[in-house]
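One structure below.
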Amino acid sequence: MPSTWLDFWQQENEFDNSMSANYAYFLDRVEQYAPLNKTLRVLDIGSGPANLEDAWHDRVGELHGLDISQRYNEIARAKHASHPNVFFHDIPADDYLNFDVVAGKQFDLIIVMSVVQYYRNAGEVEKLLANIKSLAAPGAKALVCDLIVEEGVLGDVLSILGRSLRQGKLLSMLNLLFRLRFSAYYKIRQDNGFLIVPKSEWLAMCKRLNLNARFVDEPITMQQERQNLLIQF
Ligand SMILES: C[S@@+](CC[C@H](N)C(=O)[O-])C[C@H]1O[C@@H](n2cnc3c(N)ncnc32)[C@H](O)[C@@H]1O
């Protein structure tokens with residue numbers, strides 16, 4: 001049984017097939033902040049089973065996914081084998097802020113969705129922001145999404161249940177939460193927790209790095225109190 005988040009993502013898990021419902025909610029909203037076009041070069045940090053690439057492979061110029069999970073990257077590569085503009089890169093699980101695999105590239109849109117909570121500390125988050133800055137083309141945008149900025153597991157659960165009810169997906173969400181309760185995920189969450197970085201700390205980091213950033217006003221992920229940071233280069 002895995003004991004850390006890094007190990008968790010290397011193994012088959014409850015999120016393999018269930019992330020797409022959450023992702024559809026985001027896809028319906030993201031384009032008002034990041035309009036797409038056929039020349040856009042997109043970087044997807046923590047790309048998982050390729051939800052973004054599935055939706056956008058024929059709507060943008062190039063898509064590059066980065067993930068510590070070779071298992072997800074293999075699944076993702078198999079799905080996109082016939083798409084020459086879609087790439088998945090392995091990043092080292094023990095050195096996950098080393099983005100050498102895309103060194104020298106420039107991106108017009110950088111998405112980080114539901115990943116930062118698995119980092120170890122805020123110093124790593126600041127390094128992520130510095131990496132994003134070094135990979136952003138002039139005029140680029142970055143969206144760092146689904147951020148946990150305050151304590152409150154119950155609020156998180158109630159919020160996703162309420163939103164699932166409104167989306168007509170309550171039963172599948174209850175099913176997922178039930179399976180999670182008895183899975184490695186629950187134990188790892190108890191032992192390791194999620195990284196929580198308050199909004200003020202995010203903004204202070206952006207200021208130190210001289211980034212033009214703000215939190216998006218409306219929720220763009222199913223968990224409504226999670227926050228989404230938009231950076232404009
Ligand atoms: C909840 S999933 C989200 C996947 C995808 N972004 C989505 O929303 O469908 C978290 C993903 O982040 C990856 N991940 C976890 N920690 C990471 C890290 N430190 N660096 C890069 N990816 C990481 C996991 O392997 C997994 O694919």
Side-chain angles (χ1 to χ4, degrees), residues 2-30 34 42-57 63-80 86-102 109-132 135 142-148 156 160 173 176-177 179-180 183-186 188-189 192-195 197 219-223 226-229:
S3 62
T4 66
W5 286 125
L6 294 177
D7 296 338
F8 176 79
W9 297 109
Q10 306 290 355
Q11 302 194 6
E12 202 172 310
N13 66 68
E14 290 70 22
F15 289 96
D16 286 2
N17 302 311
S18 68
M19 273 185 256
S20 51
N22 280 351
Y23 217 83
Y25 189 90
F26 166 73
L27 288 170
D28 285 346
R29 287 158 183 78
V30 61
V42 181
L43 177 65
D44 181 16
I45 300 173
S47 40
N51 288 316
L52 187 70
E53 294 70 17
D54 294 351
W56 284 2
H57 66 86
L63 276 154
H64 290 257
L66 300 184
D67 209 290
I68 52 157
S69 169
Q70 292 175 10
R71 186 180 69 89
Y72 273 146
N73 275 345
E74 277 161 24
I75 293 170
R77 284 184 195 116
K79 281 202 277 183
H80 289 279
V86 182
F87 306 86
F88 296 96
H89 309 273
D90 298 324
I91 51 174
D94 55 358
D95 186 17
Y96 51 76
L97 289 156
N98 174 347
F99 289 3
D100 280 357
V101 282
V102 286
L109 177 58
I110 300 173
I111 303 278
V112 190
M113 166 63 85
S114 307
V115 177
V116 169
Q117 53 266 48
Y118 306 109
Y119 279 23
R120 283 175 286 235
N121 55 58
E124 291 187 346
V125 177
E126 189 154 348
K127 176 78 169 79
L128 169 71
L129 291 172
N131 282 355
I132 289 174
L135 291 166
L143 268 167
V144 190
C145 301
D146 207 35
L147 304 175
I148 306 179
D156 231 24
I160 200 159
M173 187 52 71
L176 171 65
L177 291 177
R179 282 184 293 127
L180 285 178
S183 70
Y185 179 87
Y186 184 80
I188 297 171
R189 184 169 175 165
N192 298 263
F194 281 150
L195 179 66
V197 180
I220 55 172
T221 60
M222 292 266 272
Q223 273 149 303
R226 295 207 182 171
Q227 298 291 314
N228 304 284
L229 185 76

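Ligands are counted one by one from 1 in listed order, and the atoms in each one are counted from 1 as well.
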| message | Over 60° means perpendicular and under 30° means parallel, so tell me whether His57 and His80 are parallel, tilted or perpendicular. | response | perpendicular

| request: Establish, yes or no, whether a centroid distance under 6.0 Å links the rings of Trp5 and Tyr119. | output: no

| Could a heavy atom of Trp5 be found less than 4.0 Å from some atom of ligand 1? | no

| message | Out of all atoms in ligand 1, which are within 4.0 Å of some heavy atom of Val115? Include the element for each. | response | 12 (O), 17 (C), 22 (N), 23 (C)

| remark: The option among Ile91, Leu97, Asp146, Asn51 carrying the non-hydrogen atom nearest to atom 9 (O) of ligand 1 is Asn51

| query | Relative to the ring of Phe87, is the ring of His89 parallel (under 30°), tilted (30 to 60°) or perpendicular (over 60°)? | reply | parallel

| So is there a nitrogen or oxygen of Met113 less than 3.5 Å from a nitrogen or oxygen in ligand 1? | yes

| message | Checking Trp56 now: which residues fulfil ring pair (Phe, Tyr, Trp, His ring centres under 6.0 Å) with it, not counting sequence neighbours? | response | none

| remark: Scanning both residues in full, the closest heavy-atom pair of Glu53 with Gly65 reads OE2-CA, 4.1 Å

| message | Under 4.0 Å from a heavy atom of Tyr119: which atoms of ligand 1 are those, numbered in the order shown and with their elements? | response | 18 (C), 19 (N)

| query | Which one of Pro92, Gly46, Ser47, Gly48 has a non-hydrogen atom at the shortest distance from atom 22 (N) of ligand 1? | reply | Gly46

| query | Looking only at heavy atoms, what is the nearest atom pair of Ala93 and Ile68, with distance? | reply | CA-CG2, 3.8 Å

| Looking at Ile68, which atoms of ligand 1 are within less than 4.0 Å of one of its heavy atoms? | 14 (N), 15 (C), 16 (N), 17 (C), 18 (C), 20 (N), 21 (C), 22 (N), 23 (C), 25 (O)

| Can you list the ligand 1 atoms lying under 4.0 Å from a non-hydrogen atom of Tyr23? | 7 (C), 8 (O), 9 (O)

| field | Side chains of Asn73 and Asp67, donor plus acceptor under 3.5 Å | value | no

| Which atoms of ligand 1 are found less than 4.0 Å from any heavy atom of Ser69? | 25 (O)

| query | Which atoms from ligand 1 have a heavy atom of Asp67 less than 4.0 Å away? | reply | 13 (C), 24 (C), 25 (O), 26 (C), 27 (O)

